[in-house]
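Comments concern the structure below.
Just so you know, ligand 1 is whichever comes first in the structure, and atom 1 is the first atom listed for that ligand.
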Amino acid sequence: MRHFPSPDDVDLDAFYGLPPVAVGGVHVRSNFVSSLDGAAEVDGRSGGLGGSADRRVFRLLRWLADVVLVGAGTAVAEDYGPVVVPPERRDRRLAAGQAPIPPVAVVSGSLRLDPSARLFSADVRPLVLTARAAPADRYRDLAAVADMVVCGDETVDLATALHVLAGRGLGRVLCEGGPSLHASLAGADLLDELCLTLAPLLAGPDHARIVGGHRWPKPVTMTLGHVLEDGGSLFLRYLRR
Ligand SMILES: NC(=O)c1ccc[n+]([C@@H]2O[C@H](COP(=O)([O-])OP(=O)(O)OC[C@H]3O[C@@H](n4cnc5c(N)ncnc54)[C@H](OP(=O)(O)O)[C@@H]3O)[C@@H](O)[C@H]2O)c1
């Protein structure tokens, strides 16, 4: 049997380091964990799928990103909070020209987000990417606790949203899901990279996958970047072909 190194035994930065992004450029990386049979959640959350090595990779990808992009469904289901960056990584980020802590950007058309949720009491003000049709009262309430960015009429135009993020110096985008947002990004050919943890379990039928929503006209092909392994979990990095 072929053995792959564990995330514990390698320089994870070397494995997951991002290519330099040109000024105004964008690199969109997504990070998901899935069961062997493709489930992206168990009982509505992803936490039951990943182990300690998955959490290590999850944290590192956050520390490398300029911004963490997430759909409203995931922000609510997973009770999103601010990104936590330890002091030594903050220094590294500053040296690399990044803010010490990446903000979280939530994509929502309905703005059914609680302004008192812990995400909105973060030191780093989150962004909310929304559309012109969003309810005015919810927009006003959230504007008190987040930077509101309108990118589209009825729904958020994701290409525009990425362009706006890049314009704010947030070109290295880490998308943490969920399936609806992920499918929209990948289906629109806006995804550069997928980091996927394959957890050694079968979750059974009727679970959300890492993409959800409508069928695409054609599949998106990717090429393998690396494989790491720990405790039967595979850590796969795929790049857009
Ligand atoms: N396995 C994993 O790694 C992983 C990762 C993330 C999430 N998950 C799981 O996925 C589930 C949540 O899935 P989900 O599909 O509901 O989540 P989602 O993609 O995070 O959120 C969907 C919501 O995002 C907003 N949205 C997305 N694209 C938009 C656009 N173009 N314009 C406007 N709004 C947009 C909409 O919010 P509004 O309704 O507010 O308009 C939409 O209802 C949870 O069970 C979570 O645990 C798993």
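Of all protein heavy atoms, the one lying nearest to atom 13 (O) of ligand 1 is P179 CD, 3.2 Å. Nearest protein heavy-atom contact of atom 15 (O) of ligand 1 is S180 OG, 2.5 Å. The nearest protein atom to atom 19 (O) of ligand 1, hydrogens excluded, is given as L181 N, 2.9 Å; this is a heavy-atom distance. Nearest non-hydrogen protein atom to atom 35 (C) of ligand 1 is V107 CG1, 3.5 Å. At the top of the distance list for atom 39 (O) of ligand 1, counting protein heavy atoms only, stands S110 OG, 3.7 Å. Protein heavy atom at the shortest distance from atom 48 (C) of ligand 1 is A40 O, 3.1 Å. For atom 18 (P) of ligand 1, the nearest non-hydrogen atom of the protein is G178 N, 3.4 Å. Of the protein's non-hydrogen atoms, V33 N, 2.9 Å is the one closest to atom 3 (O) of ligand 1.
Residue M148 holds its CE atom at 9.5 Å from CG of D141, rounded to the nearest 0.5 Å. For the atom pair CG of D230 and CG of D8, the computed distance is 5.5 Å after rounding to the nearest 0.5 Å.
Looking at V70, L174, V128 one by one, the single match for side chain to side chain contact (heavy atoms under 4.5 Å, CB included) with V104 turns out to be V70. No option in R29, H226, R237 other than H226 meets the side-chain hydrogen bond (donor to acceptor under 3.5 Å, both in side chains) test with Y16.
With salt bridges taken as basic N to acidic carboxylate O contacts below 4.0 Å, none links R168 and D66. Salt-bridge check for D13 with R89: passed, with a basic side-chain N closer than 4.0 Å to an acidic carboxylate O.
In this structure, L162 is a member of the same hydrophobic cluster as V164, with clusters built from ILVMFWY side-chain heavy atoms closer than 4.5 Å. Linking Ile, Leu, Val, Met, Phe, Trp and Tyr residues whenever their side-chain heavy atoms come within less than 4.5 Å leaves V21 and L158 in two separate clusters. A continuous path of hydrophobic side-chain contacts links L191 to V26 [ILVMFWY only; heavy atoms under 4.5 Å].
Proximity to G177 (heavy-atom distance under 4.0 Å) selects the following atoms of ligand 1: 6 (C), 20 (O). Numbered from 1 in the order shown, with element, the atoms of ligand 1 that lie under 4.0 Å from a heavy atom of G71 read 18 (P), 20 (O), 21 (O), 24 (O). Of all atoms in ligand 1, numbered sequentially from 1 with element shown, those under 4.0 Å from a heavy atom of E78 are 46 (C), 47 (O). Within ligand 1, the atoms closer than 4.0 Å to a non-hydrogen atom of S46 are 1 (N), 2 (C), 4 (C), 47 (O), 48 (C), numbered from 1 in the order shown. For ligand 1 and T74, the ligand atoms under 4.0 Å from any heavy atom of the residue are 6 (C), 7 (C), 12 (C), 17 (O), 18 (P), 20 (O). Distances below 4.0 Å separate heavy atoms of T155 from the following atoms of ligand 1: 32 (N). In summary, the atoms of ligand 1 found under 4.0 Å from a heavy atom of S108, numbered by their order in the structure, are 34 (N), 37 (O), 38 (P), 40 (O), 41 (O). Taking a cut-off of under 4.0 Å to the non-hydrogen atoms of R45, the atoms of ligand 1 that pass are 47 (O).
A heavy-atom distance below 4.5 Å is not found between the side chains of F15 and L60. Residues I210 and L194 have side chains in contact (heavy-atom distance under 4.5 Å, counting atoms from C-beta outward). Two residues are said to be in side-chain contact when any heavy atoms from C-beta on lie closer than 4.5 Å; L69 and L185 meet this criterion.
The shortest heavy-atom distance from S34 to ligand 1 is not under 4.0 Å. Using a non-hydrogen distance threshold of 4.0 Å, V70 does not register as a contact of ligand 1. Between G212 and ligand 1 there is no heavy-atom distance shorter than 4.0 Å.
Within the 4.0 Å heavy-atom criterion, the part of E176 lying near ligand 1 is the backbone and not the side chain.
The option with the heavy atom closest to atom 34 (N) of ligand 1, from among S35, A199, G109, G44, is G109. Considering A72, A133, S184 only, the shortest heavy-atom separation from atom 37 (O) of ligand 1 involves A72. For atom 22 (C) of ligand 1, the nearest non-hydrogen atom from the set A183, A75, G73 comes from G73.
At a distance under 4.0 Å, no protein heavy atom can be found next to atom 43 (O) of ligand 1. The nearest protein heavy atom to atom 30 (C) of ligand 1 is closer than 4.0 Å.
For ligand 1, the polar-atom distance check against E41 finds no nitrogen or oxygen pair separated by under 3.5 Å. The shortest N or O to N or O distance between F32 and ligand 1 is not below 3.5 Å.
Think of V33 as one node in a network of Ile, Leu, Val, Met, Phe, Trp and Tyr side chains linked at under 4.5 Å; its network also takes in V42, L49, L201.
Put simply, the side chain of D37 never gets that close to the backbone of L202: no donor and acceptor are under 3.5 Å apart. Using modelled atom types, one side-chain atom of R90 and one backbone atom of V85 make a donor-acceptor pair closer than 3.5 Å. The main-chain N or O of L239 is never found under 3.5 Å from a side-chain atom of T223 such that the two would form a donor-acceptor pair.
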